[in-house]
Asks: 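Take this structure, written in structure tokens, and hold onto it; I'll ask about it next.
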Amino acid sequence: MNYSKLNLTGSSATHIRTASGTRQMMAAVLTALLPALGFAVYNFGPRPAVNALVSIAGCCVCELLFRLARRQDMTVGDLSAAVTGLLLALSCPVTVPYWLLLLGDLIAIVVVKQLFGGIGRNLLNPALAAQTLLALLWRGEMTLWTAPHTAVPLWGAVDAAAMPAPLELLRANDLAGLRELYSLPELLVGLTSGAAGEVSALLLMAGGLFLIGRRTISWRIPAAFLGTAAILTFVFAWGNDRTEWMLCQLLSGGLLLAAFFMAADPVTSPISPAGQLLYGAGCGFLTVLLRYYGPLAEGAGCAVLLMNLLARPLDAYLLTGHIDRPALPELPKMAGKSKTKHL
């Protein structure tokens, strides 16, 4: 068949079957994250909502100014920058300074996303890459956890009741200390200290299942991610109660947020079914390894970023039988709007 005669429109990932598919996908992700944001407001006062608005605005402005400076088409309307801003705000402590949040927006949008060509061409998840860099360089600001039911002020000095996050207690092999502070139902609901959008495991799972039900994300990645982490933490449990150790690991930190909303990002994850399973399993394995032996208590973020780098070679090997493949040529800009649907 002579494919040159077909009226096809080439595009970078993610590959959606309708012209408005990217916007609809991002709108679904925003909808799925709203319950977790709402619970953060209930748990910590209005500060998480303000952080989210600041971060979303920062990401949208960074993308707008960058593309204006480069004289490129505007892409703010596809809502991908808004999703990045919300994910970054939810993965940071409630007390994160606004300036640090805006710096993270700049890193996520300009450095990680736009310098690589914009949506579909970035190798790393922008929000996760920015959050990880901030956590490494500003560890003090990024590890200040607020006790549940503590209203954090919007302005001025933050005088919040600091408490250790559940994951920090697990890292110290202090399961007994974790039991004294939080029960398993509290970990599930989210009545704990921690990042703004990571505390409510129940609502994150509900949002993830919503995205799977809409086929916005593949079920294979979070299933392999969480399944691998569950098996490894059960087999290599620190303590006598293997089941409790495993459940505490799954319900603590950013594991669920990473599994459903970051690792499953279709831009930075494989497209082949086998690749998605291997990718998810790799995320789970590296998360447990980094949580046990890494420099930070949380390992999910770095695990996903490492697997982001392997996603395209993994797909190339599974689909073509070899890793090395030529880079795709730059697509010519089309005049006007094409009515042809993306493949």
Side-chain angles (χ1 to χ4, degrees), residues 30 33-34 36-66 81-114 124-168 171 190 192-200 252-254 257-258 261-262 295-302 305:
L30 290 172
L33 287 170
L34 284 179
L37 176 60
F39 186 85
V41 172
Y42 165 77
N43 210 18
F44 303 114
R47 179 68 180 266
V50 176
N51 286 348
L53 291 175
V54 169
S55 186
I56 291 173
C59 283
C60 291
V61 169
C62 285
E63 182 157 314
L64 178 66
L65 294 179
F66 182 90
V83 169
T84 297
L86 181 56
L87 283 173
L88 179 58
L90 291 178
S91 60
C92 289
V94 185
T95 57
V96 60
Y98 296 128
W99 67 266
L100 191 57
L101 202 55
L102 292 173
L103 178 60
D105 295 337
L106 180 67
I107 295 170
I109 296 298
V110 175
V111 179
V112 183
K113 181 183 176 184
Q114 292 299 331
L124 304 174
N125 181 280
L128 193 52
Q131 189 272 341
T132 302
L133 184 60
L134 296 183
L136 291 173
L137 298 181
W138 286 274
R139 189 173 299 188
E141 289 82 356
M142 294 295 289
T143 55
L144 181 60
W145 312 116
T146 306
H149 298 304
T150 301
V152 179
L154 300 181
W155 305 102
V158 175
D159 187 19
M163 289 184 67
L167 200 56
E168 292 177 338
R171 177 61 181 267
T192 69
S193 59
E198 295 177 352
V199 292
S200 182
S252 300
L257 185 66
F261 295 95
M262 294 175 173
L296 301 175
E298 179 60 82
C302 290
L305 292 176

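What's counted below: heavy atoms across the whole structure, side chains too, no hydrogens, waters or symmetry copies. These numbers were taken from a predicted model, which means no experiment stands behind them.
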Asks: To the nearest 0.5 Å, what is the distance between SG on Cys59 and CG on Leu101?
Replies: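 Rounded to the nearest 0.5 Å, the SG-CG separation comes out at 8.0 Å.
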Asks: Under the rule for side chain to side chain contact (heavy atoms under 4.5 Å, CB included), what residues qualify as partners of Leu64, not counting sequence neighbours?
Replies: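 Partners of Leu64 under the side chain to side chain contact (heavy atoms under 4.5 Å, CB included) test: Leu68, Met74, Val76.
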Asks: Write down the atom of Asn43, the atom of Gly190, and the distance for their closest heavy-atom approach.
Replies: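 Heavy atoms only, the tightest pair is ND2-O, 3.1 Å.
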Asks: To the nearest 0.5 Å, how far apart are CD in Gln131 and CD in Glu298?
Replies: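 Spacing of CD (Gln131) from CD (Glu298) equals 8.0 Å.
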Asks: Measuring from Met262:CE to Leu124:CG, what's the distance to the nearest 0.5 Å?
Replies: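 The CG atom of Leu124 is 12.5 Å from CE of Met262, to the nearest 0.5 Å.
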Asks: Can you name the nearest heavy-atom pair linking Ser91 to Leu257, along with the distance?
Replies: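 Closest heavy-atom pair between Ser91 and Leu257: CB-CD2, 4.1 Å.
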Asks: Taking ring-ring contact (aromatic ring centres under 6.0 Å, His included) as the definition, give me every residue that meets it alongside Tyr98, ordered by chain and number, with sequence neighbours left out.
Replies: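 With sequence neighbours excluded, Tyr98 shows a ring-ring contact (aromatic ring centres under 6.0 Å, His included) to Trp155, given in chain and number order.
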Asks: Taking the six-membered ring for Trp, are Phe44 and His149 closer than 6.0 Å centroid to centroid?
Replies: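 No, they do not, as the ring centres are separated by 6.0 Å or more.
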Asks: Cys302 and Thr132: which non-hydrogen atoms are nearest, and at how many Å?
Replies: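 In terms of heavy atoms, the two residues are closest at SG-CG2, 3.7 Å.
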Asks: With sequence neighbours left out, write down each residue that passes side chain to side chain contact (heavy atoms under 4.5 Å, CB included) with Leu86, or none if nothing qualifies.
Replies: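 Partners of Leu86 under the side chain to side chain contact (heavy atoms under 4.5 Å, CB included) test: Leu30, Leu33, Leu37, Ala52, Ile56, Leu90.
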Asks: Mind listing the closest non-hydrogen atom pair of Arg47 and Val96 along with its distance?
Replies: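 Looks like NH2-O, 2.9 Å.
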Asks: Once side chain to side chain contact (heavy atoms under 4.5 Å, CB included) is applied, do any residues pair with Ala165, and if so which ones, sequence neighbours excluded?
Replies: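 Partners of Ala165 under the side chain to side chain contact (heavy atoms under 4.5 Å, CB included) test: Trp145, Glu168, Ser193.
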Asks: Ala196 and Ala89: which non-hydrogen atoms are nearest, and at how many Å?
Replies: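 That would be CB-O, 4.0 Å.
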Asks: Could you tell me if the side chain of Ile109 sits less than 4.5 Å from the side chain of Val61, heavy atoms only?
Replies: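 No, side chains not in contact.
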Asks: How many angstroms lie between atom CD of Glu63 and atom CG of Leu106, to the nearest 0.5 angstrom?
Replies: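 Atom-to-atom, Glu63:CD and Leu106:CG are 12.5 Å apart.
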Asks: Rounded to the nearest 0.5 Å, what separation is found between the CE atom of Met163 and the OG1 atom of Thr192?
Replies: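 OG1 of Thr192 is found 9.0 Å from CE of Met163.
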Asks: Taking side chain to side chain contact (heavy atoms under 4.5 Å, CB included) as the test, write out the residues that go with Pro46, two or more places apart.
Replies: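 Here the qualifying residues are Leu154.
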Asks: Between Leu167 and Gly253, which heavy-atom pair has the shortest distance, and what is it?
Replies: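 Between these two residues, the closest heavy atoms are CD2-CA, 4.1 Å.
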Asks: Can you tell me how far the CE atom of Met142 sits from the OG1 atom of Thr95, to the nearest 0.5 Å?
Replies: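 These two atoms lie 9.5 Å from each other.
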Asks: Please list, chain by chain and in numerical order, all residues satisfying salt bridge (charged side-chain N to carboxylate O under 4.0 Å, His left out) with Glu198, sequence neighbours excluded.
Replies: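 Salt bridge (charged side-chain N to carboxylate O under 4.0 Å, His left out) check on Glu198 returns nothing, list empty.
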